[in-house]
Amino acid sequence: MELKSLFYLSIFLFSLGLYGVLSRRNALGILIALELIFNSANLNFGIFSLAWGNPAGVMTIVFGIGITAIEVVLGFAIVILLFRLRKTSNADEVEILKG
């Protein structure tokens, strides 16, 4: 697979994730859309690592996967807590996280 097609795939994933974040009202949908954005960033790191022959991009991918796993765990914990407290996972109805 060419790097150009992988780059287009990354752009598509990022666009899909951005659309999901901006259009979703459900907190789980927003979390899944954020995952698409993070995965597109990881794909970009891999593409540029291959193109330039620099292994630092692969290390950044491993670090990014770790950060993404932590984000998923914390995000799901917040959504479960909000559902228990407010009986909804709609992000528009939740004002408890505002300062």
Side-chain angles (χ1 to χ4, degrees):
M1 192 175 242
E2 289 185 31
L3 293 180
K4 191 175 182 180
S5 60
L6 287 174
F7 187 67
Y8 287 136
L9 176 66
S10 173
I11 291 172
F12 176 72
L13 285 176
F14 181 82
S15 301
L16 194 63
L18 186 63
Y19 174 74
V21 167
L22 294 177
S23 66
R24 291 291 197 168
R25 297 189 187 276
N26 189 337
L28 287 177
I30 294 171
L31 198 60
I32 291 171
L34 281 174
E35 291 302 314
L36 286 176
I37 292 174
F38 286 136
N39 284 330
S40 73
N42 283 334
L43 186 59
N44 269 336
F45 282 124
I47 291 168
F48 290 119
S49 175
L50 280 175
W52 293 334
N54 188 357
V58 177
M59 294 303 297
T60 307
I61 291 172
V62 171
F63 182 72
I65 289 172
I67 294 295
T68 303
I70 293 169
E71 180 256 335
V72 167
V73 169
L74 289 177
F76 279 135
I78 290 172
V79 170
I80 289 171
L81 183 64
L82 287 176
F83 191 77
R84 284 184 181 173
L85 291 176
R86 305 286 179 187
K87 302 294 181 200
T88 183
S89 62
N90 192 351
D92 290 338
E93 296 176 11
V94 178
E95 296 178 357
I96 194 170
L97 295 178
K98 291 183 180 176

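With hydrophobic clusters built from ILVMFWY side chains whose heavy atoms lie under 4.5 angstrom apart, M59 does not share a cluster with F63. Hydrophobic clustering (side-chain heavy atoms under 4.5 Å, transitive across Ile, Leu, Val, Met, Phe, Trp, Tyr) groups W52 together with L50. No continuous path of ILVMFWY side-chain contacts below 4.5 Å connects V79 to I30, so the two sit in separate hydrophobic clusters. A single hydrophobic cluster is seen to contain both L3 and L43, as judged by linkage of ILVMFWY side chains at heavy-atom distances under 4.5 Å, directly or through other members. Hydrophobic clustering places L34 together with L22 (ILVMFWY residues linked when any side-chain heavy atoms are closer than 4.5 Å, directly or through intermediates).
Put simply, CG on N44 and CD1 on I61 are 9.5 Å apart, with the number rounded to the nearest 0.5 Å. We find the CZ-CG distance between F48 and L6 to be 11.0 Å, quoted to the nearest 0.5 Å. Rounding to the nearest 0.5 angstrom, the gap separating the OG1 atom in T88 from the CZ atom in F83 is 7.5 Å. With rounding to the nearest 0.5 angstrom, the CD1 atom of I80 is 12.0 Å from the CG atom of L85. Here the straight-line distance linking atom CZ of F12 with atom OG of S5 works out to 14.0 Å at 0.5 Å rounding. Separating the CG atom in L31 from the OG atom in S89 is a distance of 11.0 Å, to the nearest 0.5 Å.
Contact between G17 and L36 at its shortest, heavy atoms only, is CA-CB, 4.0 Å. What you find for N42 and T60 is that their closest heavy atoms are OD1-O, 4.4 Å. Residues S10 and S40 share a closest heavy-atom pair of OG-O, 3.1 Å. Of all the heavy atoms in S49 and P55, the pair that sits closest is OG-CA, 4.1 Å.
A search for salt bridge (charged side-chain N to carboxylate O under 4.0 Å, His left out) contacts involving R25 returns D92, not counting sequence neighbours. By the ring-ring contact (aromatic ring centres under 6.0 Å, His included) test, F7 pairs with no residue at all, sequence neighbours left out.
Here the side chains of F38 and I65 are not in contact, with every heavy-atom distance at 4.5 Å or above.
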